[in-house]
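Below, chain A is the first sequence line, B the second, and so on; all start at residue 1.
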Amino acid sequence: MVRVRFAPSPTGYLHIGGARTALFNWLYARHCGGRMILRIEDTDAARNSQEAIEVILQGLRWLGIDWDEGPVSADPAGASRGDFGPYFQSQRRGNYQERVEALLSRDLAYEKDGAIRFRMTREPVVMDDLVVGQVTRELTDREAEDPDFVIVRSDGHPVFHFVNVVDDLDMGITHVIRGEDHLSNTAKHIQLFKAFGVQPPRYAHIPLILNSDGSKMSKRDTGASLSTYLEEGFLPEAVTNYLCLLGWSPKDDREKLSVSEVVERFDLAQVLRHNARFDMAKLQWLNGEYLRELPAEKFFAEAVRAFARAGTDTNQWPLEYVRAALTTCLGKVKLFSELPAYAGFYFTEELSLDPAALRGDFTPDNKPRIQQLRDQFARLAEFKAEALEATLKSVAKSCGVKNGVLVHPTRLACTGATAGPSLYHLIEVLGKDRVLRRLDAALATA
RNA sequence: GACCCUAUCGUCUAGCGGUUAGGACACCGCCCUUUCACGGCGGCGGCCGGGGUUCGAAUCCCCGUAGGGUCGCCA
């Protein structure tokens, strides 16, 4: 039975690379019919908090990554699922203590300066990585001087290398899938496993995600935190899909795949060995693809949230009006965060019109025509898109101008922008009163 | 300083000894369209460099170079 784990340290945010690591673990578990374990490496008490753990749980859930074993909530003392708990390292002190003593009693570790150090081999360690292949790790010059390393600090706290290995051993982890930044240290981990007299798990080191300029992605970089995508109004399906395409490929030229399709095809052997740069433009494109096929109800709910985040409470408007307004935006934007700028004109009575732009469209020649259109609109009994379109076209015809001559100024007057939803539909939604008022205002200003 | 990994269009990638080096994003045209977006058509653009091996290398080997990672009483 394949058992994989994602073992994040609660630092207050979930790195996009960490999310990808979790995803690949999950994909492999689901592909193999194995088990996904979530373990919280909260040994650094000073830096950890329940909120920080919550960020991780929330991020994983958002992406659709579930775990068969691990915490149910962010509370270390709370309930968990699985027979290999606790799943918080802060609750596993006893195990570490036992393991340390086992090594000490066999002289595989020793005390020095109050710390406990592991007797590391001086021989090159051969690793057989599922992604990278066979790697022979030799000692660096610094290590050659003193190959042993600390496993328990002088303050009594065991270090990462040690607890990580002990937990993987005790939890029966069969495959360690993690970032390539751990490759060099894997030699230590393998030796630790051997010291405990067991076969190390299989390792798979996946490439890292870099910034678009090729530099390392650190906390500060935009897009480094998964929460960014949550807040910016990305769809989790799109983010997951995109992450799958970084370092892995279905090899059949398909870009848009559902998770179940990826689960079916995913395997570690096809994971690339080189790092990948994060391409926000491609993610946005994918997001647009998913956005376009979103059911109207979901689109509506997310759109309302996007407006709320931007400080516009759409609830102050009649529900039917909001619905109609947002419907004209369906399939037009790639991100929910674009919506407030794209369709904000629906939800304000004070449209700020750029005088310069206004002068361009509302020329002395054109103003009488727009005035005429305005008066025709005023006479309409039915303020519907079809009637509006017919009206505009007939006015244009009688004036001997192309539709665009009237379309552009009308759009500008009604929305303040040169691009937006379908003109006739947005006018219909806005309603006669607003449209006439906006047309009058533009006519007066220009 | 040492050790490890990596190297195909700007980016993500297909390719695993014989291909006009394919696709996607981005970009640029044209078409569609009242705007924008979508869609359609087309274009731009790549095997890091140098040696080998081979009848034949993007594919295999070596050396450079470049990028990334690691060498902590951080995780």
Original post:
Hey, are Glu389(A) and Lys393(A) close enough for a salt bridge, meaning a charged N less than 4.0 Å from a carboxylate O?
Top reply: yes

Subject >> Nearest to side-chain heavy atoms of Val159(A), which nucleotide of C73(B), C3(B), G1(B) >> reply: C73(B)

Original post:
Could Arg3(A) and Glu69(A) be called an ion pair, given the rule that one side-chain N must be under 4.0 Å from one carboxylate O?
Top reply: yes

Original post:
Do NZ/NE/NH1/NH2 and the carboxylate oxygens of Asp213(A) and Arg277(A) come within less than 4.0 Å?
Top reply: no

Original post:
Does the ring pair (Phe, Tyr, Trp, His ring centres under 6.0 Å) test come out yes or no for Phe278(A) and Tyr242(A), once each step is laid out?
Top reply: CA-CA 10 Å; Phe278(A) 198 90; Tyr242(A) 179 70; 5.1 Å; yes

**OP:** Using a 4.0 Å heavy-atom cut-off across all strands, classify Gly114(A) as base, sugar-phosphate, or nothing.
**Re:** nothing

**OP:** Classify every nucleotide of nucleotides 33-43 of chain B by which part a protein heavy atom approaches to under 4.0 Å, writing B for the base, S for the sugar-phosphate alone and - for neither, in 5'-to-3' order.
**Re:** -BBBSSS----

Original post:
Charged N to carboxylate O below 4.0 Å: is that the case for Asp148(A) and Lys112(A)?
Top reply: no

Original post:
What nucleic acid atoms does Asn185(A) come within less than 4.0 Å of, heavy atoms only: base, sugar-phosphate, or nothing?
Top reply: base

Original post:
Over how many whole Å does the gap from Gln134(A) atom CD to C5(B) atom P extend?
Top reply: 10 Å

**OP:** On RNA chain B, check which nucleotide each of Gln270(A) and Ala281(A) is closest to and give me the residue with the more 5' one.
**Re:** Gln270(A)

Original post:
Counting side-chain heavy atoms from C-beta on, which of G68(B), U6(B), A75(B) comes nearest to Ser9(A)?
Top reply: A75(B)

Subject >> Minimum-distance nucleotide to Val135(A) side chain [options: G69(B), C73(B), C4(B)] >> reply: C4(B)

Original post:
Using a distance-only test with no angle check, is there a side-chain donor-acceptor pair under 3.5 angstrom linking His205(A) and Thr186(A)?
Top reply: yes

Original post:
Is Leu272(A) touching bases, backbone alone, or none of the nucleic acid, heavy atoms closer than 4.0 Å?
Top reply: sugar-phosphate

Original post:
Contact class for Lys402(A) vs. all strands (heavy atom < 4.0 Å): base, sugar-phosphate, or nothing?
Top reply: nothing

Original post:
In whole Å, what is the span from the CG atom of Asn287(A) to the C1' atom of A24(B)?
Top reply: 16 Å

Original post:
Within this structure, what is the CG-to-P distance between Leu130(A) and C5(B), rounded to whole angstrom?
Top reply: 16 Å

Subject >> d(CD1, Ile56(A); C1', A75(B)) in whole Å >> reply: 12 Å

**OP:** Mind checking Ala276(A) for me? I need base, sugar-phosphate or nothing, with any heavy atom below 4.0 Å counting as a touch.
**Re:** sugar-phosphate

Original post:
Rounding to a whole Å, what distance do you find between Glu255(A):CD and U11(B):C1'?
Top reply: 12 Å

**OP:** Among the candidates C73(B), G68(B), C12(B), find the nucleotide nearest to the side-chain atoms of Leu246(A).
**Re:** C12(B)

Subject >> Electrostatic pair Lys432(A)-Glu382(A), nearest N-O below 4.0 angstrom >> reply: no

**OP:** Select from Ser215(A) and Phe278(A) the residue whose nearest nucleotide in RNA chain B is closer to the 5' end of that strand.
**Re:** Phe278(A)

Subject >> Protein-nucleotide distance (Met127(A), atom CE; U70(B), atom P), rounded to Å >> reply: 14 Å

Original post:
Does any donor-acceptor pair link the side chain of Asp253(A) with the base of G22(B) at a separation under 3.5 Å?
Top reply: yes

**OP:** Side chain of Asp279(A) only, please: which of A7(B), C25(B), U70(B) is the nearest?
**Re:** C25(B)

Original post:
Counting only distance, no hydrogens or angles, is the base of C3(B) paired donor-acceptor with the side chain of Ser184(A) under 3.5 Å?
Top reply: no

Original post:
If you check the Asp181(A) side chain, which of C12(B), A2(B), G69(B) turns out closest?
Top reply: G69(B)

Subject >> Arg292(A) with Glu289(A): basic N within carboxylate O range, under 4.0 Å >> reply: yes

Original post:
Asp148(A) has an atom CG; how far is it from atom P of C71(B), in whole Å?
Top reply: 16 Å

**OP:** Please work out if Arg142(A) contacts a base, only the sugar-phosphate, or nothing of the nucleic acid, heavy-atom cut-off 4.0 Å.
**Re:** base

Original post:
Which part of the nucleic acid, if any, lies within reach of Asp252(A) when heavy atoms closer than 4.0 Å are counted: base, sugar-phosphate only, or nothing?
Top reply: nothing

Original post:
Which part of the nucleic acid, if any, lies within reach of His161(A) when heavy atoms closer than 4.0 Å are counted: base, sugar-phosphate only, or nothing?
Top reply: base

Original post:
Choosing from C73(B), U13(B), C5(B), which nucleotide comes nearest the side chain of Glu180(A)?
Top reply: C5(B)

Subject >> Closest to the Asn275(A) side chain, choosing from G1(B), G68(B), A24(B) >> reply: G68(B)

